[in-house]
Enquirer: 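One structure, pasted below without further comment.
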Amino acid sequence: MKVVHLNTNLNITSAPYQLHRALLQNGIDSNLLVFNACDLEKAESPKHDLLYKLKRRAAAKKRDSIMQGYNQNPDMYFTALPYGMDVSKHSLIISSDVVMIHWVCGDYLSVEGIGKLLE
């Protein structure tokens, strides 16, 4: 069985990384597809093209202006932006039997992007 974990950020104390390590220790082929690059074992980051970076920057400014009136931690948005990356054709996704979606809200995957994973 091959498993891939999708997450925005990871470090060695993150729950998805701990699950990944436990799967590896039990003989399951586990990989990480992390939005923000990291140097953890079997972790890859999808390519962020220029158009995606521009959309992300514009949407972040709009989101920040909308959220200004709310008393929230500015680093913790629980909203799905109307766009995101399409990772459905990434080699780790195609070759996996199980796709574990952990923390991908914000601007990693959109609702549409998650739908493409189901296809």
Side-chain angles (χ1 to χ4, degrees):
M1 177 186 325
K2 294 180 86 173
V3 177
V4 63
H5 304 266
L6 303 180
N7 205 59
T8 301
N9 296 299
L10 278 183
N11 61 51
I12 60 171
T13 62
S14 301
Y17 183 70
Q18 295 299 316
L19 177 58
H20 163 70
R21 292 289 306 143
L23 291 171
L24 289 173
Q25 290 170 355
N26 285 283
I28 296 174
D29 185 1
S30 179
N31 293 280
L32 302 162
L33 190 56
V34 185
F35 180 75
N36 294 312
C38 64
D39 61 351
L40 299 174
E41 179 181 7
K42 297 187 85 174
E44 289 186 29
S45 181
K47 294 193 188 308
H48 306 184
D49 65 16
L50 180 60
L51 179 60
Y52 176 78
K53 289 177 184 178
L54 292 172
K55 283 182 180 179
R56 181 179 183 203
R57 185 175 297 147
K61 284 183 181 187
K62 183 176 181 179
R63 177 188 60 202
D64 290 345
S65 68
I66 292 170
M67 298 303 288
Q68 246 179 357
Y70 296 93
N71 185 17
Q72 289 191 21
N73 179 341
D75 296 325
M76 298 291 282
Y77 294 110
F78 295 92
T79 58
L81 294 177
Y83 73 92
M85 299 186 83
D86 179 7
V87 296
S88 64
K89 293 178 179 41
H90 192 282
S91 61
L92 287 177
I93 300 292
I94 292 170
S95 66
S96 292
D97 301 306
V98 177
V99 176
M100 300 284 293
I101 301 172
H102 296 278
W103 185 261
V104 295
C105 70
D107 44 7
Y108 185 3
L109 295 181
S110 63
V111 173
E112 179 182 326
I114 292 171
K116 287 182 180 181
L117 293 174
L118 296 173
E119 294 172 8

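Computed from heavy atoms alone, side chains included, the values below leave out hydrogens, waters and symmetry copies.
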Enquirer: Flag yes if Met100 and Ile114 sit in one hydrophobic cluster, no otherwise; membership is Ile, Leu, Val, Met, Phe, Trp, Tyr, and two members link when side-chain heavy atoms are under 4.5 Å apart.
Expert: no
Enquirer: Under a single-linkage rule joining Ile, Leu, Val, Met, Phe, Trp and Tyr whose side-chain heavy atoms are separated by less than 4.5 Å, which residues share a cluster with Leu118?
Expert: none
Enquirer: Taking the side chain as every heavy atom from C-beta outward, state whether Cys38 and Asn9 have any pair of such atoms under 4.5 Å apart.
Expert: no
Enquirer: What residues form a side chain to side chain donor-acceptor pair (under 3.5 Å) with Ser96, not counting sequence neighbours?
Expert: none
Enquirer: Which residue pairs pass the salt bridge (charged side-chain N to carboxylate O under 4.0 Å, His left out) test with at least one member in residues 13-27, sequence neighbours excluded?
Expert: Arg21-Glu41
Enquirer: Any side-chain heavy atom of Leu6 within less than 4.5 Å of one from Ile93?
Expert: yes
Enquirer: With sequence neighbours left out, write down each residue that passes side-chain contact (heavy atoms from CB on, under 4.5 Å) with Ser91, or none if nothing qualifies.
Expert: none
Enquirer: So, using side chain to side chain donor-acceptor pair (under 3.5 Å) as the criterion, who are the partners of His20 when residues are at least two apart?
Expert: Ser30
Enquirer: Answer whether the closest heavy-atom distance between the side chains of Val3 and Leu19 falls below 4.5 Å.
Expert: no
Enquirer: Test of understanding: with side chain to side chain donor-acceptor pair (under 3.5 Å), list the residues that count as partners of Asn11, not counting sequence neighbours.
Expert: Thr13, Ser14
Enquirer: Test of understanding: with ring-ring contact (aromatic ring centres under 6.0 Å, His included), list the residues that count as partners of His102, not counting sequence neighbours.
Expert: His5
Enquirer: Among residues at least two apart in sequence or on other chains, which ones pass side-chain contact (heavy atoms from CB on, under 4.5 Å) with Gln18?
Expert: none
Enquirer: Tyr17: which other cluster members, linking ILVMFWY side chains closer than 4.5 Å, directly or transitively?
Expert: Leu10, Ile12, Leu32, Val34, Leu40
Enquirer: Can you list everything that forms a side chain to side chain donor-acceptor pair (under 3.5 Å) with Lys2? Sequence neighbours excluded, please.
Expert: none
Enquirer: Looking at residues at least two apart in the chain, or sitting in another chain, which of them share a side-chain contact (heavy atoms from CB on, under 4.5 Å) with Asp86?
Expert: Ser88, Lys116
